[in-house]
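First comes the structure, then the notes that go with it.
Predicted model only: the values in this text are computed from it and were never measured. Order of listing sets the numbers, starting from 1, for every ligand and every atom in it.
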Amino acid sequence: MKIVKCINCGVYNKNRDHCKNCGTLLSYKKRREQHIKAEKAERLEKAKKSPPSFIDNLQQHRYMVYRVLGWILYSGFLVVSAIGAFIAWLVFAIAAG
Ligand SMILES: [Zn+2]
């Protein structure tokens, strides 16, 4: 017969894996197994949530898109400015002519 004191509520349990009062796991070995299992699950969950290389690739890809977008907007602005300047020159030339 094995009597184990519950670490959670202090109740003595005879030949039990779980505390009869609060349900806490009493066996050190089982607690350890459960802890290892939980840690493994957590690691797996983390790996699922944030695969680093995938995120890095996505971020780089996104920055590249932003850069290209910025470049397009900038060149678009330049073209519009050039057309505006050309029209202004044209109007001036017609008015002067
Ligand atoms: Zn207990």
Considering non-hydrogen atoms only, spot the tightest contact between Leu25 and His18 and give its length.
-> CD1-NE2, 3.0 Å
Test log, rule side-chain contact (heavy atoms from CB on, under 4.5 Å), inputs Asp17 and Lys30 = CA-CA 8 Å; Asp17 282 338; Lys30 286 207 173 171; 2.8 Å; yes
Would you confirm whether Asn13, through its side chain, and Cys19, through its main-chain N or O, come within 3.5 Å as a donor-acceptor pair?
-> no
Side-chain heavy atoms of Val4 within contact of Arg16, under 4.5 Å | no
Taken by chain and residue number, the protein N/O/S atoms under 2.8 Å from the Zn ion (ligand 1) read Cys6 SG, Cys9 SG, Cys19 SG, Cys22 SG
Hey, are the side chains of Thr24 and Arg31 touching, using non-hydrogen atoms and a 4.5 Å cut-off?
-> no
Give a yes or no answer on whether the side chain of Asn15 reaches the backbone of Lys2 with a donor-acceptor pair at less than 3.5 Å.
-> yes
